[in-house]
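What follows is a single structure, written as structure tokens, with notes after it.
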Amino acid sequence: MSQDIVNLEVNGVAVQGRKGQMIIQVTDAVNAYVPRFCYHEKLTVAANCRMCLVEVEKAPKPLPACATPINEGMKIFTKSPKAIAAQKATMEFLLINHPLDCPICDQGGECELQDLAMGFGRDAARYELDKRVVKDKSFGPLISTDMTRCIHCTRCVRFTQEIQGVQELGTIGRGEDMRISMFVEKAVDHELSGNIIDLCPVGALNSKPARFQGRSWEMTEQPLVSPHDAIGTNLAAHVRRGQLMRVVPRVNEAINETWISDRDRFSYEGVYAADRAQTPLIRRGGTLVPTTWEVALEAAALALKDAVSAYGAERIGVLGLPTATLEESYLLARLGRGLGTPNLDHRLRRRDVRDQDADPDYPGLGFPIAELDRLDGVLVVGADLRNEAPLLAHRLRTAATKNQAKVGFVNPARYEYRFPVAGYEAVAAGQMVAVLASVGRAVAEAAGQGLPPALASAVAPTEAQAAIARALTNGTRRLLLLGNLAERHPAYADLRAVAGAVAALAGATLGYLPNGGNAAGATLAGLLPHRDAGARPAPKRGLGAGAMLAAGLEAYVLFGGIEPDADTAHGAVAATALAQARFVLAITPFASDAAIAHAHVVLPIGTYAETSGTYVNVEGRWQSTTAVARAVGESRPGWKVLRALGTLMGLDGFEYGSSEDVRKELEQSMNGTGLSLDTTYRGQWLPAGAVPGVLDVVGLYASDPIVRRAPALQETPAAQRAAATSGVYP
Amino acid sequence: MSRVMNQVVFEPLHLPESWTLSAYRSIGGYEAWERILREKVTPEAVIEEVKASGLRGRGGAGFPTGLKWSFMPRNAPGAKYAVCNSDESEPGTCHDRDILRYNPHSVVEGMLIGGYAMGATAGYNYIRGEFLAEPYVRFEAAVQEAYAAGYIGSNILASGHQFELYSVAGAGAYICGEETALLESLEGKPGRPRFKPPFPANFGLYGRPTTINNTQSFASVPTILRKGAKWFAEMGVANSGGSAVFSVSGHVNKPGNYELPLGIPFLELLEDICGGMRNGKALKAVIPGGSSCPVMPAAAILSATMDYDGLRKAGSSLGTGAVIVMDEDTCMVKVLERLTRFYRAESCGQCTPCREGTGWLNRLVRRIMAGEGKKSDIDLLVDVANRIEGHTICALGDAAAWPVQSFVKHFRHEFEYMVDNGGRSIVDDPARRAA
């Protein structure tokens, strides 16, 4: 270690750095700020802006701090006259062609160029000649362009190249005519593309949906957690007078680093969709009419109690959207169990629950998200990762490109990954189990082991399958990941039993990426027909989501804005079931036809932005946030609505003071349950039977009701493609 | 006083079809390469010989060639490259073009010897795109002849040595003459200089150790090894061994490429070799080493000698040896406009001072020429140039700044005259015209 330490001086203060570090890393570490535009810690060094020039003793010229490696005994001056002169010189050059349109620029107030111009610019320009004007190109529905403002730092170019893995942007032209462009004009087409808005140090690239909507100094920044996928991406909400105006990343190296997906960034538009439920509704004479909270809550409580007494509690089904907060899912489960019904579920897209007892206590990766980067061997089964969890796909790409991880796939379709893929089997959904079994056989044969029962009938592997097996068994840190598609697979039990056997043979962790951003939270909350909170066995076993809807129960409680066609695997039976039910209670942020067509009472609730609550991600991290936006119309946070319902129905212990109380109660109830984050498969092999059903396609930007209502996202090429291919996998 | 010309890179110039293998062999071509392989001369010995010759890079910077070769991690495993820079685009410079046209085998042999000395596995000659019609063809034909004769390829002359050589045509960008931009272009990317460190000797073409030398430098090597380092060194003067090709252009009677020993007095070059000033005009200024070098007023250049130290002492540099001669009728403001226009057009646009500054400089000069200049513009010109110099990734920024600084330094009165006279040049002054 000691030979890796470099002793040097920054502005006369002795500091230490590590061999191989650049000057800027050391100066940043000791808070000796050096101005910069092109340097970004997550991107390669370009050294093209020349803003970070500093003086180094014995160097004849000022040196770029971002690209100059530190040396023993180096003496660096970041604020000497020579350094400041060089930085001011660069600033003057940057400003000569930059338009003075700050008053109408969305970046104004949060602009790196503006900020640094205050420190290094002149009061009056010495440049009196013509300024450059650059024709804009359209980057699509998400990103607005004002390329005249561009200072050519190439952060966006490097992002597309290094993070997206596809060079969508480049520089064309020379000298003053150099510009950032796409070679053929088209929308940027990547699920992380919006990050170039944050990377852009000036107003060249901005959010198109937020364009001209507000100034940065009018907004407050408050923390949020994304409900759209199971990663638990940290977001910062920009709120103006109670309205959510923008969403940007909140740095969390353990989860999302400095990135967020476009889905997380632009979904906020869905919060203000035109079909938000504004008031409680009650069905009178066949139509839903607005009413007061008192009337609606009384009616709902009464109807549910009547249903219990008239048809028995078993004839009531409770379904919750898996993007709901932990507290909402917990109270919903408590409400259902309080009524006496065991029919509770959040697994709306899962068809095969034959071996649900073998589900882990908690569907997760089995290790921290950050360790994905360091994997050596990966097999992804049934996952369109870039769609299901874009940042997880990014982590795997990092593993493959930086750690030379080998990644193989068994999927019902070929998805594009921008890294070297070690093996890919794109087979019909019905073939996935057999193909995975053959991969397992290849693993066993390579290790000279016998075949476990789940793999007993595996046919000899093809070379492609053997390549996938080699990928999985590469190195020592191995993961077999079951994705959203796997969970939706009509023969999920078989697929998982085989996956469990393959993971055991390969010494790989069996990880889950569940459908629904807070599926892990709903699982812990006990919104399940076979398990109570904290993974305790349910006092009484009930029906899962599919069975509930197929059974045609007398009453249903739908929570979270469930639109059965889009949010469940049971759209067709759901319509019949809900139409024939005597009573349907829809607790929903949205009053769309799909969400409330068969409802008798509609209770409007807030979205993720308007309620406090907790999200649990795939690594088991609990993240709580408070409401950041004012409620739309008369809607109320979901947990408060459930509290009121529970109280009205006379259920015990519904007198919570805050969502914090709800969370604390759940945490306490989990003490001593022996809850485990271990995801190892311990199920029994079920002989494969004929399993009816299909494997649904869930398009990018169709995953939950909020996302489906975000207009900009729906206009993206990815959403258009997904819409064109929606349906089921062959 | 008569000088012996054409002793090194232009040696076969007098022969018919001097570019052929037979012509080259008739002056002893490939003897050095054959001897190295036959006698198993060590790479170290080759490098020592080149160092002793005093050969310095003829591409402009004048870095000692032998020393450069010694920086290559010769014994590192894997591919290593010797790259020849034939992207000759410095305004005023045209000697590499004639070396490729009339003596291409000297470049081939020089690259073979250099590649051998540096442990390179392959060589590339990057030839400027505008040379596609003739120089490129001649060089490529020479490569094919040399392959056929067994001088290049695998198991060269049964020695077990292997070396592959390729010609590559550029696409017309001045900046690709910068060695790391050249490497980027060779890799198929836009020609933009890389920041250093890492230097090409450690991280060059395709990330492998690479050394880039100028065409004339490579072409000089076979003769050095054939006739001896001492012979070469003594041809020139101290610190400036051997000969160099001077590309003389401008207002002289006989412009052209002249290979002459370094250290020749400028006066001799002008009067004896180039036949003096055209139309008997008086000499006003000379840019002695290509457009990037500081301009020299007549008084300074007339007493200078044409070698690295001589020109440095006189306030400029030998550069590429492109001597641009300007007579008394030349408007220095217009010359600077032409030069700044060139750098504005050729800046790659990657780094800020050069991208923005070269345009600013040119616009300022144009404003002065348009009669809209202010006195303060003259100081602003120098200030902008000073703010580019030393702040850029590559030397193009410096190359754009030096002419501005030197033109204003030596010919400030011409700029002031133009500002004061609404854009009229001092050479059009009525009093001067009448005289």
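Every chain is numbered from 1, with letters handed out A, B, ... down the list of sequences. These values consider heavy atoms only, across backbone and side chains, with no hydrogens, waters or symmetry-generated copies.
Proximity to chain A at a heavy-atom threshold of 4.5 Å picks out R355(B), E356(B), G357(B), G359(B), W360(B), R363(B), L364(B), R367(B) from residues 354-368 of chain B, in numerical order. Interface residues of residues 86-95 of chain A toward chain B, defined by a heavy-atom distance below 4.5 Å and sorted by number: A86(A), K88(A), A89(A), T90(A), E92(A), F93(A), L94(A). Against chain B, the residues from residues 55-66 of chain A that qualify, each with a non-hydrogen atom under 4.5 angstrom away, are K61(A), P62(A) in number order. Taking non-hydrogen atoms and a 4.5 Å limit, the residue list of residues 146-163 of chain A in contact with chain B, ordered by number, reads I151(A), H152(A).
In the displayed structure, K79(A) atom NZ is contacted under 6.0 Å by more than 12 heavy atoms of other residues, nucleotides or ligands. Counting non-hydrogen atoms of neighbouring residues, nucleotides and ligands closer than 6.0 angstrom, the NZ atom of K375(B) exceeds 12 such neighbours. Heavy atoms of other residues, nucleotides or ligands lying less than 6.0 angstrom from NZ of K42(A) number more than 12. In this structure, K334(B) places its NZ atom where only 12 or fewer heavy-atom neighbours from other residues, nucleotides or ligands lie under 6.0 Å away. Within a 6.0 Å sphere centred on NZ of K19(A), heavy atoms belonging to other residues, nucleotides or ligands number 12 at most.
Between chain B and the residues D130(A), N97(A), T171(A), the most heavy-atom pairs under 4.5 angstrom are made by T171(A). The candidate with the highest count of non-hydrogen atom pairs below 4.5 Å against chain B, out of D177(A), I96(A), N48(A), V45(A), is N48(A).
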Step-by-step side-chain hydrogen bond (donor to acceptor under 3.5 Å, both in side chains) determination, S376(B) to R126(A):
CA-CA 10 Å; S376(B) 60; R126(A) 295 195 295 174; over 6 Å; no
Do F195(B) and T68(A) pass the side chain to side chain contact (heavy atoms under 4.5 Å, CB included) test, and can you show the C-alpha distance, the side-chain angles, and the key distance before you say yes or no?
CA-CA 9 Å; F195(B) 58 86; T68(A) 307; over 6 Å; no
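Looking at C351(B) and C49(A), their side chains never come closer than 4.5 Å, going by heavy atoms from C-beta outward. Within the 4.5 Å cutoff, the side chain of R192(B) has heavy atoms near those of the M178(A) side chain. The side-chain heavy atoms of L53(A) and H391(B), taken from C-beta on, include a pair separated by under 4.5 Å.
Interface residue R132(A): only side-chain heavy atoms are found under 4.5 Å from chain B. For K374(B), the part lying near chain A is the side chain, with the backbone staying farther off; criterion is any non-hydrogen pair under 4.5 Å. Neither the backbone nor the side chain of N386(B) comes within less than 4.5 Å of any heavy atom of chain A. Both the backbone and the side chain of I388(B) come within less than 4.5 Å of a heavy atom in chain A. Using a 4.5 Å cut-off between heavy atoms, E389(B) does not touch chain A at all. Heavy atoms of A173(B) lying under 4.5 Å from chain A belong to its backbone as well as its side chain.
Scanning all heavy atoms of the two residues, the minimum distance from I393(B) to R50(A) falls at CG1-NH1, 3.1 Å. Taking both residues in full, the closest heavy atoms of R174(A) and G172(B) are given as NH1-O, 4.0 Å, listed atom of the first, atom of the second, then distance.
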